[in-house]
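Data block below; observations after.
All values derive from a computational prediction rather than experimental measurement. Hydrogens, waters and symmetry mates are skipped; everything else that's a heavy atom, side chains included, is used.
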Amino acid sequence: MAEIRLVEVTKRFGSNTAVDRINLTAQEKEFLVLVGPSGCGKTTTLRMIAGLEETTEGEVYIGNRMVNNVPPKDRDIAMVFQNYALYPHMSVYKNLAFGLKQRKFPRSEINLRVTEVAHMLGIKELLKRKPKELSGGQRQRVAMGRAIVRKPEVFLFDEPLSNLDAKLRVQMRGELGKLHRQLETTIVYVTHDQIEAMTLADRIVVMHNGIIMQSGAPMDVYNNPKNLFVAGFIGSPAMNFFDVRITAEKGTLRVNGDNFQLTIPAGLQDRFLQAKDRELVLGIRPEHIYDRSIKGSFAGGEPLKATVEVVEPIGSQVILLASCGSENLTACVDPQTRAKPNAAIEFLVDTNHLHLFDKQTEKAY
Amino acid sequence: MWIKDRHMWMVFVLPGVLLLVLVLGWPAITSILYSFESGRAGEAGYTLANYKGLFKDPFFKTTFWNTVVFVSFSVASHMILGLAVAMVLHSALPAKPLFRVIALLPWVVPDVVAGIIWKWMYDPIYGALNDLLITIGIVDNPIEWLSNPKLAMTSAILVNLWRGFPFVMLILLAGLQAIPRHLYEAAAIDGAPKLQQFIHITLPGLKKMIVVALALDIVWEVRRFGLIQAMTQGGPGVLTEVLSTYTYKQYFKFFRFEYASAISVVMTIVLLLVSLPYIWMISQEE
């Protein structure tokens, strides 16, 4: 078992900075997920941990060892690639055994470990097949098996589920979580899919333009995004943003938008008071907006008038796309809603869950 | 319209087929027929005399073995040099496009031109090669590259190596580029050193390309004519005489059309046998 530590790590490709002085620690046995849009530097970061990419500046530690000049094979890591990278001309058995064979394990030990892993992943019947005779999900399992069979200190996953269809992805996601509990090793996992990040991670690290925007437990990042980018990236459908200003009147704070006014509850007043007189962005998650016409669903909150534009029923809830003055908003409401396109609607906003960001610095208050 | 839509393809294919029949089919069939004629005036009917003659002809035997030597060394050296250059060009090399073009140049030079150029390069009196070797002090006296019986075939093969490797290089370079980079990365993490990566990833990944290059190169080198004709015309004696130059001599110098035709038929059969693995592999694909 080992922890991974990146200290002031920078990677430049020519004049382009892919990763910019990041500091990051994956604790022992932690499932750490690097998440961000494509080009944010997450895969480059992973490849630097693997040793497939040299760092331009900074230090990478695995355990207590600085590994900057250690080749990939000696870092005691295993990596699962996005497109699996199975050796195409070798059988599944040989794919699994290759790493052990290169490390001169005795044949009996190789056989034992391959059988064990094949059993664990349910690919025993496939051992004689070639990769091209396998389905996507089976290939995925073999790729994971190839990593597990070596019993490394650290697992690195590079978007391992992105080539699978939606249903299989959900299934494999569950198995990955189970696998982590079974193996108890440090995992660094890269994905652009925030649902994968939220469900799998002990801790998620949101990256953007080569910089770490926020790291923390998934729900913590979700509930308390530190800046506009994280607020907009984590959560689906994405958070609604409105340009607002704050006014104080007889001791009560109000947010004033283009077409609405909300009173800030007592619990948030102290925090939001500092934002007075600044240009601000108000964030409201779609699930904190309710259809007022549905009886007994939500009491309290503040009203917000809007015009419904699109109604998207997805079964468990209905997503409403509406316009409020010059701004658009998304609301996830109860399926009982009778909202119709082009009709006026009155929402209730749960003001205990308002987020406020500075328009210039994009930081949260 | 009197042609149905689903038969229309025949109309489009017809000109091509006619052209092929005219320039390939007709001469091929004619020479096969020729090879069974005796060639003596007044003798009608078909005979196996030409083929029997071939087996008794000591020159044919020498020529045949010369061809085997010429082709096998040419092809083997093309493969080795081609793969080596392809791997260098595939690696992170500065000014890659420039080197790629340079490596391709020998292939752009026509056969006969290459033969004439090297005939002059090899020339004991005026040749650049001997001049170079003497200037840097490797030899004292000029080497008779093409007229020394011990050196003639080797010299011819060396020129053919220079002229022919770029084709193999090009095919194998394409093959190398098709091998996913991730496989090498996975192998590096699995602990495989470069040599093991070459054995377990590069070679299996290139297998098909190697077979293609082998088959095509063998066929082409067996037919190679201009190079040798321009450089040695089969000499000294018959030491560099190959099937193509021998056929040419029989046909255009001695006007033994029937005998020359028999040689080409034998050549064709041998080539067909050699390219069977290639044909088999292609048919496996589909």
Side-chain angles (χ1 to χ4, degrees), chain A residues 43 46-54 62 67 70-91 94-105 110 130-132 139 142-150 152-160 163, chain B residues 79 82-83 86-87 90-99 168 171-215 277-278 280-286:
Chain A
T43 297
L46 190 80
R47 290 170 59 85
M48 284 192 285
I49 299 173
L52 296 172
E53 215 74 75
E54 278 180 31
I62 296 176
V67 293
V70 178
K73 69 183 170 82
D74 297 328
R75 293 192 179 195
D76 207 2
I77 48 145
M79 184 155 166
V80 177
F81 292 85
Q82 179 171 4
N83 39 19
Y84 320 134
L86 298 178
Y87 308 124
H89 55 280
M90 292 187 203
S91 66
K94 283 191 176 156
N95 263 286
L96 295 176
F98 188 71
L100 300 174
K101 227 168 130 186
Q102 292 299 325
R103 277 155 220 271
K104 310 266 184 298
F105 275 70
I110 294 178
K130 292 268 177 75
K132 68 174 176 199
R139 281 178 207 180
V142 177
M144 286 202 301
R146 191 171 62 178
I148 296 167
V149 82
R150 291 222 339 260
E153 299 220 22
V154 173
F155 283 105
L156 305 175
F157 288 91
D158 183 12
E159 310 232 6
N163 284 8
Chain B
M79 288 312 225
L83 179 57
M87 287 183 71
H90 184 55
S91 65
L93 192 74
K96 225 189 257 185
L98 178 72
F99 284 107
V168 175
I171 286 200
L172 295 186
L173 184 60
L176 284 175
Q177 283 166 345
I179 300 175
R181 192 183 46 143
H182 282 147
L183 292 181
Y184 291 102
E185 293 177 346
I189 291 174
D190 265 343
K194 288 271 185 262
L195 180 68
Q196 292 289 319
Q197 294 183 18
F198 179 76
I199 294 169
H200 291 291
I201 296 170
T202 309
L203 279 186
L206 285 180
K207 205 173 88 190
K208 278 179 196 160
M209 291 307 202
I210 289 175
V211 176
V212 170
L214 257 181
Y278 171 68
W280 181 79
M281 196 191 78
I282 297 287
S283 67
Q284 288 291 301
E285 291 282 282
E286 295 149 6

Non-neighbouring partners of B:Ala86 that pass side-chain contact (heavy atoms from CB on, under 4.5 Å), sequence neighbours left out: B:Met169, B:Leu172, B:Leu173, B:Leu176
- prompt: Counting a contact as any heavy-atom pair under 4.5 Å apart, which residues of residues 183-191 of chain B contact chain A?
  reply: B:Leu183, B:Glu185, B:Ala186, B:Ala187, B:Ala188, B:Ile189, B:Asp190, B:Gly191
query: Got a sec: does the CD of A:Glu54 have more than 12 other heavy atoms crowding it under 6.0 Å?
result: no
task: Measure A:Ala78 against the heavy atoms of chain B and call it side chain, backbone, both or neither at under 4.5 Å.
output: backbone
task: Select one option (side chain, backbone, both, neither) describing which atoms of A:Arg75 are under 4.5 Å from chain B's heavy atoms.
output: neither
- line: For B:His182 and A:Asn83 the tightest heavy-atom approach is ND1-OD1, 2.8 Å
query: Any chance NZ of B:Lys96 has more than 12 other-residue heavy atoms, nucleotides or ligands included, within less than 6.0 Å?
result: yes
statement: Distance col, row A:Tyr87:OH vs B:Gln197:CD, nearest 0.5 angstrom, shows 8.0 Å
- prompt: Where on A:Leu86 is there a heavy atom nearer than 4.5 Å to chain B: the side chain, the backbone, both, or neither?
  reply: backbone
message: Looking at chain B, which one of A:Met79, A:Arg47, A:Gln82 has the largest number of heavy-atom pairs inside 4.5 Å, strictly under?
response: A:Arg47
message: Pair A:Gln102, B:His200 - check side chain to side chain contact (heavy atoms under 4.5 Å, CB included), show working.
response: CA-CA 11 Å; A:Gln102 292 299 325; B:His200 291 291; 4.1 Å; yes
- line: In terms of heavy-atom pairs under 4.5 Å with chain B, the winner among A:Ile77, A:Leu52, A:Leu100, A:Asp74 is A:Leu52
